[in-house]
Amino acid sequence: MNIFRELLELVNSEIEQLSEAGDLPSGLDVTGVLVEPPRDPAHGDMATNAAMVLAKRAGKPPRDIAALLAERIAAQDGVASVDVAGPGFINMRLEAAYWHSALARITASGARYGAFDMGRGKKVNVEFVSANPTGPLHIGHGRGTVFGDVLAALLERAGYAVTREYYVNDAGAQVDALARSVYLRYLEALGRELGADAFEDGYPGDYLVPVGVALAQEHGDKFADAPESEWFETFRSFAVESMLSLIRDDLDALGVRHDLFSSEKKLVDDGQVQATFADLKARDLIYEGVLDAPKGKPPPEDWEPRPQHLFRATQFGDEVDRPLKKSDGSWTYFATDIAYHRDKVRRGFDDMIDVWGADHAGYVKRMKAAVSAVSGDTAALDVKLCQMVKLTEGGKPVTMSKRSGQFVTLRDVVDKVGKDVVRFIMLTRKNDAPLEFDMARALEQSKDNPVFYVQYAHARIRSVLRRAEAEMPEVLGSDLAGNADLSVLTDAAEIDLIKCLCGWPRAVDSAVLSHEPHRLAFYLQELAAAFHLLWNKGNEDHGLRFIIPEDSRVTAARLILIGAVTQVIALGLGIFAVQPVEEMR
RNA sequence: GCGCCCGUAGCUCAGCUGGAUAGAGCACCAGACUACGAAUCUGGGGGUCGGGAGUUCGAAUCUUCCCGGGCGCGCCA
């Protein structure tokens with residue numbers, strides 16, 4: 001049930017018939033033909049640009065094509081009137097009966113409303129969070145987490161077979177530093193004094209204290225005076241496991257569950273990086289060369305031009321060729337990441353989405369280049385960048401210092417305002433725009449708070465339905481939808497609300513195509529607004545209230561209308577994994 | 001220096017694969033409740049869509065150049 005798609009099919013079939021009748025050339029390409037609501041409602045309910053799009057292809061003036069099409073469209077059921085405007089827009093006005101039938105069909109399609117099998121079971125890999133396992137998640141991670149999880153849910157709803165994946169960077173210098181910090185906490189647990197700057201190159205956060213204690217309990221002072229080589233592996237893997245479990249708890253608190261955690265270290269240990277390297281080398285995509293020093297900023301003190309293994313990223317649209325090995329012989333982050341994406345391709349994903357922080361923007365081109373290279377141009381990677389989250393409390397910035405280890409964690413925020421509020425607010429901005437997250441406003445019960453605003457609409461309707469059940473039980477009979485006469489819905493605000501409900505599949509489609517779940521959050525706010533408006537009309541004109549005790553016919557129709565609003569709000573919140581509320585506390 | 005992202009009302013931001021006279025909220029002003037929950041709603045003023053050029057029937061949207069802001073630029077991830 002998607003009226004835009006249906007009307008587009010109608011327009012396309014009329015174009016075809018005009019071709020058959022010889023009024024238009026046959027075999028016309030109709031890509032670009034759209035049916036959409038005109039920006040100005042005064043122009044009608046729906047408009048199509050068909051005549052303008054086809055003008056050049058058909059070799060006819062747009063107004064002439066429009067006139068031909070308009071005549072045919074006007075003869076269709078449900079179409080009240082059609083006119084041609086401007087350069088060749090065909091504006092349609094639809095009969096009230098059309099909207100009534102649309103409402104009935106929305107209700108009938110239930111939880112499937114807006115679902116369209118765009119994906120046809122195609123596998124998609126959504127990699128998100130992928131924070132280093134060196135500490136708890138912070139609020140910025142939370143944004144990518146919610147974004148990735150909701151995008152995944154959205155794609156699932158559109159018929160894709162989605163895998164939610166977390167790439168664990170457990171092989172680099174970061175986790176080495178983590179291991180050393182944990183070792184210090186271990187010494188501390190054994191009663192040793194730590195120097196003031198002991199954690200200078202490590203992780204000073206308190207969250208490592210229990211990790212040190214646990215190791216002290218398990219191993220006693222066995223490693224206290226041992227050389228690093230003896231304890232390092234033990235401490236590193238224990239520390240990573242502990243941090244991963246911390247992160248899993250954080251994700252759990254947000255209601256996020258990944259299907260797969262992929263370990264960078266395992267990738268390296270299994271020889272996959274080596275294999276990828278050999279593979280690319282065999283295809284002459286790796287060569288030995290010397291890179292210029294980075295321009296525009298003073299080169300690092302220890303800069304020295306040296307020949308190294310370079311990936312021919314420039315062959316795939318990147319600016320420079322990228323190094324794969326560090327001077328100590330170990331792999332660069334990029335090298336392991338190529339292997340990782342190659343692994344995804346080999347697991348059958350030719351559609352991949354990576355959710356990154358905006359500070360990684362500079363890596364997008366090389367990663368796309370790498371995916372082209374390892375897949376032989378058969379796989380596509382879309383990288384979604386999430387901008388910063390500015391955490392505020394009553395408009396004042398909440399200071400965060402990772403250096404001191406004292407920062408507000410994602411968990412702190414979730415515990416304070418609840419996971420549903422966090423999830424919704426994270427989607428009230430486009431992913432590549434900075435987001436201000438105000439903790440005070442997140443808890444506020446006013447229309448400034450978008451979560452509340454949408455939930456309030458849902459709760460109000462549930463309240464009406466409860467009341468109707470108590471006062472007019474006969475109306476809420478078993479076959480309410482089947483028997484109701486929707487033609488009594490005649491007020492402009494009622495029809496507007498139905499029109500808004502009809503926009504849901506369109507919102508879903510556009511969110512799926514653009515990989516932008518925030519569009520659903522905006523849609524839900526619009527729907528809530530259309531509902532609140534109708535409600536208030538009932539305050540001014542009691543004849544427009546939903547429950548009319550002396551008229552069960554009208555009441556039934558209106559309950560179906562607002563029932564459909566809760567249906568769509570619940571569907572939207574469902575994709576967000578936010579629970580619609582029955583009442584506001 | 002180069003690359004990516006951004007620039008829309010006083011503020012915060014939408015604007016769907018290019019569509020008609022560019023929208024919403026906040027703030028400001030003026031209104032609507034003996035309540036199906038006013039935690040809401042209605043109306044009003046407010047704009048060179050950063051600037052120029054181009055593509056076309058048509059540009060906030062695409063291309064290009066400039067201005068301004070953010071991020072990044074071998075051996076961090």
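Lettering of chains follows the sequences in order, A, B, ..., and the numbering in each one begins at 1. Only this structure's heavy atoms are used, side chains among them; waters, hydrogens and symmetry mates stay out.
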Check: residues 428-437 of chain A side-chain donor-acceptor pairs under 3.5 Å, at least two apart:
{"from": "Thr428(A)", "atom 1": "OG1", "to": "Ile425(A)", "atom 2": "O", "distance (Å)": "2.6"}
{"from": "Asn431(A)", "atom 1": "ND2", "to": "Leu385(A)", "atom 2": "O", "distance (Å)": "2.9"}
{"from": "Glu436(A)", "atom 1": "OE2", "to": "Thr392(A)", "atom 2": "OG1", "distance (Å)": "3.2"}

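Sparse packing is recorded around CE of Met388(A), with 12 or fewer heavy atoms of other residues, nucleotides or ligands lying under 6.0 Å away.
Scored by the salt bridge (Lys or Arg N to Asp or Glu O under 4.0 Å) test, Asp438(A) finds no partners at all (sequence neighbours excluded). Residues passing the salt bridge (Lys or Arg N to Asp or Glu O under 4.0 Å) test with Asp337(A): none are found, sequence neighbours excluded. Residues that satisfy the ring-ring contact (aromatic ring centres under 6.0 Å, His included) test with Phe261(A), not counting sequence neighbours, are Tyr166(A), His258(A).
Rounding to whole angstrom units, CG of residue Asp337(A) and P of rC76(B) are separated by 16 Å. Rounded to whole Å, atom C1' of rU40(B) lies 16 Å from atom CD of Gln455(A). The nearest whole Å value for the distance from the CZ atom in Phe452(A) to the P atom in rG37(B) is 14 Å. Remark: P of rC41(B) and CG of Asp496(A) are 15 Å apart, rounded to the nearest angstrom. Atom pair Lys56(A):NZ and rU55(B):P shows a separation of 12 Å (rounding to whole Å applied). Following rounding to the nearest Å, Asp359(A) (CG) and rC4(B) (C1') show an atom-to-atom distance of 12 Å. Atoms NZ (Lys537(A)) and P (rG43(B)) sit 10 Å apart, rounded to a whole Å. Per the geometry, CG belonging to Leu524(A) stands 15 Å off C1' belonging to rA24(B), to the nearest Å.
Taking all atoms of both residues into account, the shortest heavy-atom contact from Ala131(A) to Ile247(A) is O-CD1, 4.5 Å.
Nucleotide rC49(B): unpaired (no Watson-Crick or G-U wobble partner with both distances less than 3.5 Å). Using Watson-Crick or G-U wobble geometry with both donor-acceptor distances under 3.5 Å, rA30(B) finds its partner in rU42(B). The partner of rC73(B) is rG1(B), by the rule that a Watson-Crick or G-U pair needs both atom distances under 3.5 Å. Using the Watson-Crick or G-U wobble rule with both distances under 3.5 Å, rU61(B) pairs with nothing in any strand shown. When both distances must be under 3.5 Å, the Watson-Crick or G-U wobble mate of rU55(B) does not exist. Here rC13(B) sits opposite rG23(B) as a Watson-Crick or G-U wobble pair (both hydrogen-bonding atom distances under 3.5 Å).
Looking at the side chain of Leu533(A), the nearest of the listed nucleotides rC71(B), rU42(B), rG37(B) is rU42(B). For Glu319(A), counting side-chain heavy atoms from C-beta on, the closest listed nucleotide (rG19(B), rG3(B), rC75(B)) is rG3(B). For Tyr456(A), the side-chain atoms get nearest to rG37(B) when compared with the rest of rG19(B), rG37(B), rG72(B). Distances from the side chain of Pro87(A) to the nucleotides rG37(B), rU17(B), rG19(B) place rG19(B) closest. The nucleotide whose nearest atom lies closest to any side-chain atom of Val53(A) is, among rU17(B), rG19(B), rC76(B), rG19(B). Checked against rG37(B), rC76(B), rU17(B), the side chain of Ala173(A) finds its nearest nucleotide in rC76(B). Distance from the side chain of Ser510(A) is smallest to rC16(B) among rG72(B), rG37(B), rC16(B). Relative to the side chain of His532(A), the nucleotides rC4(B), rC41(B), rG19(B) differ in distance, and rC41(B) lies closest.
One finds no side-chain N or O of Thr332(A) lying less than 4.0 angstrom from the OP1 or OP2 phosphate oxygen of rC75(B). Under 4.0 angstrom from either OP1 or OP2 of rC4(B) there lies at least one side-chain N or O belonging to Lys365(A). Between rC73(B) and Arg322(A), no contact under 4.0 Å exists linking OP1 or OP2 to a side-chain N or O.
Asn91(A) comes within 4.0 angstrom of a nucleotide base, judged by non-hydrogen atoms across all strands. As judged by a 4.0 angstrom heavy-atom cut-off over every strand, Val364(A) is placed among residues making no nucleic acid contact. Heavy atoms of Ile548(A) sit nowhere under 4.0 angstrom from any nucleic acid atom. Heavy atoms of Gly538(A) sit under 4.0 angstrom from at least one base atom.
Using a cutoff of 4.0 Å between basic side-chain nitrogens and carboxylate oxygens, Asp269(A) and Lys265(A) are scored as salt-bridged. A salt bridge links Asp354(A) to Lys344(A): at least one charged side-chain nitrogen sits closer than 4.0 Å to a carboxylate oxygen. Look at Arg466(A) and Glu582(A) and you find a salt bridge, because one of the NZ, NE, NH1 or NH2 atoms lies within 4.0 Å of a carboxylate O, short of that distance.
Between rG74(B) and rU8(B), the distance separating the two C1' atoms is 40 Å to the nearest Å. The separation of rG44(B) from rC26(B), taken at their P atoms, amounts to 15 Å, rounded to a whole angstrom. Annotation: rG52(B) and rC67(B) have their C1' atoms spaced 11 Å apart (nearest Å). Nucleotides rG3(B) and rA53(B), compared at atom C1', are 24 Å apart to the nearest Å. Straight-line distance between the C1' atoms of rU12(B) and rU17(B): roughly 28 Å, to the nearest whole Å. Annotation: rA24(B) and rC5(B) have their C1' atoms spaced 24 Å apart (nearest Å). When the C1' atom is used for both rG47(B) and rG54(B), the distance is 24 Å, rounded to whole Å. Separation of the P atoms belonging to rC29(B) and rC73(B) is 49 Å when rounded to the nearest angstrom.
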Practice task
Assess whether ring pair (Phe, Tyr, Trp, His ring centres under 6.0 Å) is satisfied between Phe147(A) and Phe128(A), documenting all intermediate values.
Solution key: CA-CA 8 Å; Phe147(A) 179 89; Phe128(A) 62 110; 9.1 Å; no

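If you find the closest nucleotide of RNA chain B to Ala47(A) and to Val464(A), the one lying nearer the 5' end belongs to Ala47(A). Nearest-nucleotide positions on RNA chain B place Asn49(A) closer to the 5' end than the other of Asn49(A) and Phe334(A).
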So which protein N/O to nucleotides 13-15 of chain B N/O distances come out below 3.5 Å?
{"from": "rA14(B)", "atom 1": "OP1", "to": "Lys430(A)", "atom 2": "N", "distance (Å)": "3.1"}
{"from": "rG15(B)", "atom 1": "OP1", "to": "His518(A)", "atom 2": "NE2", "distance (Å)": "3.2"}
{"from": "rG15(B)", "atom 1": "OP2", "to": "Lys430(A)", "atom 2": "NZ", "distance (Å)": "3.4"}

Between the protein and nucleotides 29-35 of chain B, which nitrogen or oxygen pairs come in under 3.5 angstrom?
none

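The aromatic rings of His518(A) and Phe522(A) sit perpendicular, their planes meeting at an angle over 60°, well past the 30° parallel limit. Using a 30° and 60° split on the angle between ring planes, Phe334(A) and Phe311(A) fall in the tilted class, from 30° to 60°. Aromatic ring pairs are classed by plane angle as parallel below 30°, tilted from 30° to 60° and perpendicular above 60°; the pair Tyr453(A) and His532(A) is tilted.
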